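Here the structure comes first, spelled out in structure tokens, and everything after it is commentary.
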2 protein chains.
Amino acid sequence: MALNDYNKEDKVLLALDCIIFGFDHEGLKILLIKRDFEPERGKWSLIGGFLKEEETLDQAAIRVLHRLTGLDNIFMEQLYTFSKIDRDPVERTLSVAYYALIDIASHDEKLIQKFSAKWFSLKELPNLIFDHDQMLEKAIARLRRRARSKPIGFELLPEKFTMPQLQKLYESILDEKLDKRNFISRVNALKILIKLDQKDMQVSKKGAYLYRFDEKKYHQKVLEGFSFKI
Amino acid sequence: MALNDYNKEDKVLLALDCIIFGFDHEGLKILLIKRDFEPERGKWSLIGGFLKEEETLDQAAIRVLHRLTGLDNIFMEQLYTFSKIDRDPVERTLSVAYYALIDIASHDEKLIQKFSAKWFSLKELPNLIFDHDQMLEKAIARLRRRARSKPIGFELLPEKFTMPQLQKLYESILDEKLDKRNFISRVNALKILIKLDQKDMQVSKKGAYLYRFDEKKYHQKVLEGFSFKI
DNA sequence: TCAAAAGTGTTCACCGTACACCCATGG
DNA sequence: CCATGGGTGTACGGTGAACACTTTTGA
């Protein structure tokens with residue numbers, strides 16, 4: 001064979017699905033949309049669309065997310081490419097899953113609703129179409145691994161947050177209770193938090209000190225990684 | 001929009017590239033082939049081919065690897081999907097990278113040669129086509145992370161091997177010298193090795209005890225994972 | 001006899017873990 | 001005054017890290 005004939009090769013549809021994790025006072029959630037087209041119209045689905053010829057996967061993920069939820073400026077990471085033959089009943093379609101972490105409160109809830117997107121607690125998920133449950137499973141596994149090896153939170157929490165909030169975030173992700181004294185001392189050992197002179201009085205009578213991330217040190221730690229034994 | 005028209009969506013070429021890591025007495029290597037078609041004919045390349053409509057990515061990876069190297073029964077894992085617009089100069093092509101670990105000595109070297117594939121030490125790589133260097137970089141990063149969190153070696157070493165060999169494997173992967181006393185005690189702590197009553201006399205005058213993996217316990221540890229601090 | 005690789009233990013510092021009580025406040 | 005959530009410290013055991021000498025035997 002002298003020249004590989006690209007024209008003889010099969011072309012396929014390539015879709016993208018975005019798994020958006022969010023966090024609020026109730027816990028860890030993911031964002032779903034109600035499909036408004038067949039097949040499976042009316043069912044809940046990850047935020048998906050098709051790749052266009054002139055864009056990269058990263059660009060497509062951003063575009064799809066924006067078109068279906070109004071969300072913008074979200075950093076997504078590629079997760080895995082799913083290729084089961086009949087995963088889409090209409091036509092052979094592969095799908096590249098992306099995932100991202102965001103703070104629910106600091107994004108426009110109304111905007112999200114306008115697009116008939118909705119946050120679902122991980123404990124109360126509706127049935128998802130196609131292989132979206134597998135995608136979600138892989139995303140959760142990745143998020144857990146990540147939570148144990150890099151700091152997480154900057155993306156999921158508001159700018160100012162309390163220790164109990166941060167702990168709750170980790171508990172939601174890892175799905176286990178943590179000891180607060182150990183949690184705090186381990187977090188402090190990372191030296192990525194700045195304690196503010198302000199308290200959040202929303203939740204308790206005593207109030208809880210607010211913290212924010214030292215962005216520079218935080219990103220340093222993300223690069224380095226660590227082992228967060230919990 | 002009532003029905004999403006699948007026919008209006010763009011289709012793309014989807015390629016696969018296999019990154020095969022091997023290990024022998026000289027160290028860690030990867031398998032490359034000399035491309036026999038344009039573009040870039042005669043250059044060294046990862047083992048690649050196109051996805052066919054009726055197969056999954058995993059199946060395609062197996063097929064491509066077999067056709068180009070004769071290798072069979074290799075467990076490959078999906079790594080990442082690359083989608084830069086001009087990564088292939090002929091036509092828009094995305095590529096899904098797969099990687100695997102194998103023991104060089106226990107696969108037929110002649111067979112591999114017949115296909116004009118060749119093992120290259122990581123230290124002496126030729127220039128690779130397209131974005132194959134980025135693929136390799138990602139694969140090495142994954143391999144290193146893996147080496148620190150799961151046992152590695154079953155795939156890369158012959159059935160019987162010595163401690164110095166195992167240590168050398170880790171040193172090649174991590175690209176750093178390790179202390180042999182610490183290395184041995186950490187490996188022993190995993191309890192996945194069986195010490196045999198045989199010595200390998202090939203390398204040293206004194207000879208080194210041969211070991212083999214306790215397959216069951218090994219795979220148990222692979223599932224569990226661990227933190228292998230080196 | 002010597003060169004080259006294999007084999008073997010101990011000490012120390014740090015970190016992860018378990019664990020219980022007081023504080024501040026609004027109702 | 002009490003219920004609720006927030007905040008704090010210590011002791012112990014285990015593990016990672018540093019470190020040097022003896023053994024074997026073919027050349």
Side-chain angles (χ1 to χ4, degrees), chain A residues 24-27 144 147-151 157 160-172 174 176-212 221 224-230, chain B residues 24-27 144 147-151 157 160-172 174 176-212 221 224-230:
Chain A
D24 66 10
H25 58 281
E26 292 171 1
R144 291 208 174 126
R148 292 188 191 274
S149 67
K150 320 229 174 216
L157 292 171
K160 298 174 183 180
F161 55 89
T162 65
M163 273 293 181
Q165 263 179 293
L166 183 60
Q167 182 176 347
K168 188 169 177 187
L169 169 60
Y170 268 84
E171 289 178 339
S172 313
L174 301 175
E176 55 181 305
K177 276 274 160 214
L178 304 175
D179 179 278
K180 62 180 169 177
R181 286 162 295 185
N182 293 338
F183 182 79
I184 290 171
S185 55
R186 248 170 282 133
V187 168
N188 282 332
L190 295 175
K191 295 198 192 124
I192 54 176
L193 294 190
I194 298 171
K195 188 175 189 170
L196 304 178
D197 238 0
Q198 259 177 83
K199 283 192 165 191
D200 170 36
M201 304 302 292
Q202 306 289 97
V203 181
S204 79
K205 293 154 189 171
K206 183 176 178 183
Y209 280 105
L210 287 164
Y211 290 79
R212 60 181 182 79
K221 285 284 176 193
E224 285 171 19
F226 57 80
S227 174
F228 203 65
K229 298 236 174 104
I230 296 192
Chain B
D24 66 11
H25 59 281
E26 292 171 1
R144 292 207 175 128
R148 291 186 192 274
S149 67
K150 319 229 175 215
L157 291 171
K160 299 175 183 179
F161 54 89
T162 66
M163 273 292 180
Q165 262 181 293
L166 183 60
Q167 182 175 347
K168 188 168 178 187
L169 170 60
Y170 268 83
E171 290 178 338
S172 312
L174 301 174
E176 54 181 306
K177 276 274 161 215
L178 304 175
D179 179 277
K180 62 180 169 178
R181 286 161 296 182
N182 292 339
F183 182 80
I184 289 171
S185 55
R186 248 170 282 132
V187 168
N188 282 334
L190 294 176
K191 296 198 190 121
I192 54 178
L193 293 191
I194 297 171
K195 188 174 187 169
L196 304 178
D197 238 0
Q198 258 178 83
K199 282 193 164 191
D200 170 36
M201 304 302 292
Q202 308 289 97
V203 180
S204 78
K205 293 153 189 171
K206 184 177 177 183
Y209 279 105
L210 288 163
Y211 291 78
R212 60 181 181 80
K221 285 284 175 192
E224 285 172 19
F226 57 79
S227 174
F228 204 66
K229 298 236 174 104
I230 296 191

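Labels below follow one simple rule: chain letters A, B, ... track the order of the sequence lines, proteins then strands, and each chain is numbered from 1. What you are looking at is a predicted structure, and each value in this text was computed from that prediction instead of being measured. Any value given below was found using the heavy atoms of this structure, including those in side chains, with hydrogens, waters and symmetry copies removed.
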*Round to a whole Å and report the spacing from NZ of K205(B) to P of dT23(D).*
18 Å

_Regarding K199(B), tell me which of base, sugar-phosphate or nothing describes its non-hydrogen contacts under 4.0 Å with the strands shown._
nothing

*Pick the nucleotide of DNA chain C nearest each of D179(A) and M201(A); which residue has the one closer to the 5' end?*
D179(A)

*What's the CD-P distance between E176(A) and dA18(C), to the nearest Å?*
11 Å

*Side chain of S204(A) - closest among dG7(C), dT8(D), dG5(D)*: dG5(D)

_Proximal nucleotide (of dG7(C), dG7(D), dA20(D)) relative to the Y209(B) side chain_ = dG7(C)

*Mind checking whether L193(A) and M163(A) have side chains closer than 4.5 Å, heavy atoms only?*
yes

*Atom-pair distance (CG on L166(A); C1' on dG5(D)), nearest Å*: 17 Å

*To the nearest Å, how far apart are Q202(B) CD and dA6(C) P?*
13 Å

*Can you tell me how far C1' of dC2(C) sits from NZ of K206(B), to the nearest Å?*
16 Å

_Nearest to the side chain of R186(B), heavy atoms from C-beta on, is which of dG16(D), dT17(C), dG9(C)?_
dG16(D)

*How close or far is atom C1' of dA18(D) from atom CZ of F183(B), stated in whole angstroms?*
17 Å

*Establish, for the pair K199(A) and Y209(A), whether the NZ or CZ atom is under 6.0 angstrom from the six-membered ring centre and no further than 45 degrees off its axis.*
yes

*Gap separating the OH atom of Y211(B) from the CG atom of L196(B), nearest 0.5 angstrom*: 9.0 Å

*Start at the 5' end of DNA chain C and walk down; is the nucleotide closest to N182(A) or to K180(B) reached first?*
K180(B)

*In whole angstrom, give the distance that lies between atom NZ of K177(A) and atom P of dG5(D).*
11 Å

_Side-chain donor or acceptor of E171(B) paired with backbone N/O of L178(B) under 3.5 Å_ = yes

*Is there a donor-acceptor pair under 3.5 Å between the side chain of K180(B) and the backbone N or O of P164(B)?*
no

*How many Å lie between CD1 on I184(A) and P on dG6(D), as a whole number?*
9 Å

*Please determine, for the side chain of P164(B), which listed nucleotide (dG6(D), dT17(C), dG7(C)) has the closest atom?*
dG7(C)

